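Mind having a look at this structure? Questions to follow.
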Amino acid sequence: MAREYSPLEKIRLEKIESLRARGIEPYPTRARRTHTSREAIQAFEAVEARGEETKVEVTLAGRLRAVRPMGKITFAHIEDGDGRVQLFFRANDLGEEKLKFFNRDFDLGDFIQAEGYMFRTRAGEVTLWVQDFRMLAKAITPLPAAKDEVVDGEVISHAVLSDPETRFRQRYADLAVNPEVRDIFRRRAAILRALREFLDARGFLEVETPILQPIYGGAAAKPFITHHNQLKQDLYLRISFELYLKRLLVGNLERVYEIGRDFRNEGVSFKHNPEFTQLEFYWAYADYEQVMALTEEMLAYVADRVLGKRTFTYQGQEISLEPPWKRIELRQGLLDATGIDIQQHPTAESLAEAMRAAGIEPKPGAARGKLIDALISTYLEPRLIQPTFLYNYPRDISPLAKSLPGDPQTVERFEGFIGGMELCNAFTELNDPLDQEARFLEMGRDYDVEDEERHPMDEDYLRAMRYGMPPNGGFGMGIDRLTMLLTDKHSIREVILFPHLRSREEE
RNA sequence: GGGCGCGUAGCUCAAUGGCAGAGCAGUGGCCUUUUAAGCCAUUGGUUGCAGGUUCGAGUCCUGCCGCGCUCACCA
């Protein structure tokens, strides 16, 4: 496919040819650097603070982000993984030819290696006095940013890439010009690290289970379907890890967790991406009360490690992750919010009638669980700004959770909400294989055959349970959403490096 | 999938239905401590795509593509 180069790109392509014609390789194989930008500045400041005269000699490497030629001298800024540092080129040191080489053949966005020693300019900025430099990699396409300025050490970018479509489709360009975007993903990595530290320290074993599954399950969602050619077998991309992780409890692995990707074939929105990262753990001999306590402790730990404090601002709201969280029993919460007591309405028909009486239009033909789900997300979820557990869910939307003793219609399940978003979901896991089989059958019956979210029967899972599964508590949490909260981003796309966008025909 | 909005130069944005513009970037100059350096000159457009209305369309209409917000669905 022939690529049409822009006029700006053509000029840079000509520079590449010109460099090669002069025996200068624009993409040399090896680079060298002794210090990052920050290390070089700190090294100089340390020597300066001691009042020493020794020269701090360094070799730096980075991307050219600003150039200010002034006749026989030139100032430039390069950016590397640590930040920015100014370069100072002077014809006296380099010769006029070499300075001209820099001014003519280097463009914004090019990677450069420069050596010299650090000094402080009249304006007070710690700067590399360049003795020699070379091209490390020529950029053909100009970076989508006009110009930057540095005010009191803060980089202010002007006319910087902001079109969300370009930012997400060309995330590399977004990352290259928007350092705060890099920070989001550093923080995301810190969150994952903290979660692993927390669980590892408590004896949880990190495992990996199949993404390609012959039978999907563990959540109510439409799967993606793929096909194995040689086996002539349709496979599903997993919608949760649950059924495989609980098989491991049968295998006497008492505490397991997995962090990985789930795939759900549903609509995309500011809080939904077709593939998203999930943490699930299963904990033998624990129940949902213990899981609740561990959840509080775990998120406080993450906040400590990632933010250094337990409070943060999300979309203008001050949120505290200090345990204990607020706890609201689902039945009571819905009663307070809507005046409807779900316990009085054991059937979908009765509940739909009560909703109509309360002026809420129920979705026609929806199962009781779906109606309750709708009530939660409309009347409760948006109000749950501070960390809150909603607990004790109806059995019919929780086919893998264990009933409350003495109340077969209610299960020991909770969901955690922060910032008006559902963050996690957990329950005392059902470990009775006969009850589980009955639940699978119920799901098949109560849900329309057309409803792709009904649970398929997983015979192997039932076989595993029949070997005996210890009582246990299980937990699932969306990592993307947690990252949204801790980076104050309204859109899930901001916290996924390459979010799904509709494919676009390229010319 | 429905509703609303948006799409103009590499980037950020202007342009009552009447000559498609600005800043930065780029190009050619001047300039030895600048920092959105400055000064002089200058290049750059299939106005998302395809039709239509009109003497004349970036602007109005229809369809399509993409993005955003929102509703539905979901986590």
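All values reported here derive from a predicted model rather than from experimental measurement. Below, chain A is the first sequence line, B the second, and so on; all start at residue 1.
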Rounded to whole Å, please give me the gap between OH in Tyr5(A) and P in rA9(B).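 In whole Å, rA9(B) P and Tyr5(A) OH are 21 Å from each other.
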Please determine if Lys100(A) and Asp105(A) form a salt bridge, counting it only when a charged side-chain N lies under 4.0 Å from a carboxylate O. no
When the P atoms of rU70(B) and rA15(B) are considered, how many whole Å apart are they? 26 Å
Rounded distance in Å - CG (Leu482(A)) to P (rA75(B)): 18 Å
Partner of rU59(B) under the Watson-Crick or G-U wobble criteria, both distances under 3.5 Å, comes out as none
Could a donor-acceptor pair under 3.5 angstrom be found where the side chain of Ser162(A) meets the base of rU12(B)?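 Between rU12(B) and Ser162(A), which were checked side chain against base, a qualifying N/O pair under 3.5 Å is absent.
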Nearest-Å distance for atom pair CZ/C1', residues Arg169(A) and rC65(B):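 It works out to 10 Å between those atoms.
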For Glu381(A), is there an ion pair with Lys271(A) - N to carboxylate O distance below 4.0 angstrom?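 Looking at Glu381(A) together with Lys271(A), the answer is yes, because their closest N to O distance falls below 4.0 Å.
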Residue matched to rU16(B) through Watson-Crick or wobble contacts both under 3.5 angstrom: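 Across all strands, not a single nucleotide pairs with rU16(B).
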Under 4.0 angstrom, heavy atoms only, what part of the nucleic acid is Gln86(A) near: base, sugar-phosphate, or nothing?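 Touches a base.
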In whole Å, what separates the C1' atom of rA37(B) from that of rC31(B)? 11 Å
Minimum-distance nucleotide to Arg264(A) side chain [options: rA75(B), rG68(B), rU34(B)]: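 The listed nucleotide nearest to Arg264(A)'s side chain is rA75(B).
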Identify which one of Glu14(A), Arg22(A), Arg20(A) satisfies the side-chain hydrogen bond (donor to acceptor under 3.5 Å, both in side chains) criterion when paired with Ser18(A).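 Only one of Glu14(A), Arg22(A), Arg20(A) forms a side-chain hydrogen bond (donor to acceptor under 3.5 Å, both in side chains) with Ser18(A), namely Arg22(A).
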Between Pro274(A) and Thr166(A), who's closer to the 5' end of RNA chain B by nearest nucleotide?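 The residue mapped nearer the 5' terminus is Thr166(A).
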Is the NZ or CZ atom of Lys326(A) positioned over Phe417(A)'s six-membered ring, under 6.0 angstrom from the centre and within 45° of the axis? no
Whom does rG38(B) pair with, Watson-Crick or G-U wobble, provided both distances fall under 3.5 Å? rC30(B)
Whole angstrom is fine here: how far is it from CZ in Arg167(A) over to P in rG66(B)? 20 Å
State whether the distance check finds a donor on one side and an acceptor on the other, under 3.5 Å, for side chain Arg122(A) versus base rU33(B).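 No, the side chain and the base share no sub-3.5 Å donor-acceptor pair.
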Does this structure show an ion pair linking Arg167(A) with Glu494(A), if we count only N-O contacts that are shorter than 4.0 Å? yes
Among rC67(B), rU35(B), rU33(B), the one nearest any side-chain atom of Phe88(A) is rU33(B)
Considering every strand and a 4.0 Å limit on heavy-atom distances, what is the contact class for Leu423(A): base, sugar-phosphate, or nothing?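 The residue Leu423(A) makes no contact with any strand.
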Determine the Euclidean distance between corresponding C1' atoms of rG45(B) and rG26(B); express it in Å to zero decimal places. 15 Å
Partner lookup for rG68(B), please. Criteria are Watson-Crick or G-U wobble with both distances under 3.5 angstrom; report none if nothing qualifies. rC4(B)
Gap in Å between the two C1' atoms, one belonging to rG18(B) and one to rU59(B), rounded: 11 Å
Quick check on RNA chain B: between Leu143(A) and Phe263(A), whose nearest nucleotide comes earlier from the 5' end? Leu143(A)
Given rU12(B), rU32(B), rU35(B), the nucleotide with the shortest approach to the side chain of Ile73(A):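 It is rU32(B).
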Going by an N to O cut-off under 4.0 Å, is there a salt bridge joining Asp107(A) and Lys138(A)?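 Result for this pair is yes, salt bridge flagged.
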Should Arg502(A) be listed as having a side-chain N or O under 4.0 Å from OP1 or OP2 of rC67(B)?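 Looking at the OP1 and OP2 atoms of rC67(B), one of them is under 4.0 Å from a side-chain N or O of Arg502(A).
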For rG23(B), the Watson-Crick or wobble partner whose two distances fall under 3.5 Å: rC11(B)
Expressed in angstrom and rounded to an integer, what is the separation of Phe270(A) atom CZ from rC73(B) atom P?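 Taking atom P of rC73(B) as the reference, CZ of Phe270(A) is at 14 Å.
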Answer for the Watson-Crick or wobble partner of rU43(B), both distances under 3.5 Å, is none
Residues, nucleotides or ligands: over 12 heavy atoms within 6.0 Å of Glu96(A) CD: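 Result for CD/Glu96(A): open.
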With the criterion being N/O to N/O and under 3.5 Å, what pairs connect the protein with nucleotides 24-31 of chain B, and how long is each?
unit_1	atom_1	unit_2	atom_2	d
rC24(B)	O3'	Lys147(A)	NZ	3.0
rA25(B)	OP1	Lys147(A)	NZ	2.2
rU27(B)	OP1	Lys15(A)	NZ	2.7
rC31(B)	N3	Gly71(A)	N	2.9
rC31(B)	N4	Gly71(A)	N	3.3

How would you label the contact of Asn265(A) with the nucleic acid (heavy atoms, under 4.0 Å): base, sugar-phosphate, or nothing? nothing
Could you tell me whether Arg84(A) and Glu125(A) have a side-chain N and a carboxylate O separated by less than 4.0 Å?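 Between Glu125(A) and Arg84(A) there is no salt bridge, as every charged N stays at least 4.0 Å from the carboxylate O atoms.
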Please determine which of Lys489(A), Arg188(A), Arg261(A) meets the salt bridge (charged side-chain N to carboxylate O under 4.0 Å, His left out) test together with Asp480(A). Arg188(A)
Using atom C1' in both nucleotides, what's the gap between rC13(B) and rC64(B) to the nearest angstrom?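 Going atom to atom, C1' in each nucleotide, I get 27 Å.
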Could you check whether Phe75(A) and the base of rA37(B) form a stacked pair, meaning centres closer than 5.5 Å and planes differing by less than 30°? no
Residue Arg68(A), side-chain atoms from C-beta onward, closest of rC67(B), rA37(B), rA75(B):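 My answer, after comparing the listed nucleotides, is rA37(B).
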Using 4.0 Å as the upper bound for N to carboxylate O, is an ion pair formed by Arg171(A) and Asp174(A)? yes
Tell me what Phe119(A) touches on the nucleic acid: a base, only sugar-phosphate, or nothing, going by heavy atoms under 4.0 Å.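 Contact class for Phe119(A): base.
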Answer with yes or no whether Asp163(A) presents, from its side chain, a donor or acceptor under 3.5 Å of a partner atom in the base of rU12(B).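 Between rU12(B) and Asp163(A), which were checked side chain against base, a qualifying N/O pair under 3.5 Å is absent.
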Send over the distance from Glu125(A) CD to rA37(B) P, rounded to a whole Å.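 So the CD-P distance, Glu125(A) to rA37(B), works out to 11 Å.
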Could you give the distance separating rG10(B) and rG5(B) at their P atoms, to the nearest angstrom?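 Their P atoms lie roughly 28 Å apart.
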Would you kindly give the CG-to-C1' distance between Leu87(A) and rU33(B), to the nearest whole Å? 14 Å
If you measure from the C1' atom in rG38(B) to the same atom in rU46(B), how many Å do you get, rounded?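 Each nucleotide's C1' atom is 37 Å from the other's.
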So which nucleotide from rA75(B), rC67(B), rU34(B) ends up closest to the side chain of Glu266(A)? rA75(B)
Would you mind checking if Glu422(A) and Arg481(A) are paired as a salt bridge, meaning a charged N to carboxylate O distance below 4.0 Å? no
Specify the separation, in whole Å, of atom NE2 of His500(A) and atom P of rA75(B). 19 Å
Which nucleotide in rC73(B), rA75(B), rU12(B) has an atom nearest any side-chain atom of Glu422(A):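 For the Glu422(A) side chain, the nearest candidate turns out to be rA75(B).
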Could you give the distance separating rC71(B) and rC49(B) at their C1' atoms, to the nearest angstrom?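 Result for the C1' pair: 28 Å, nearest Å.
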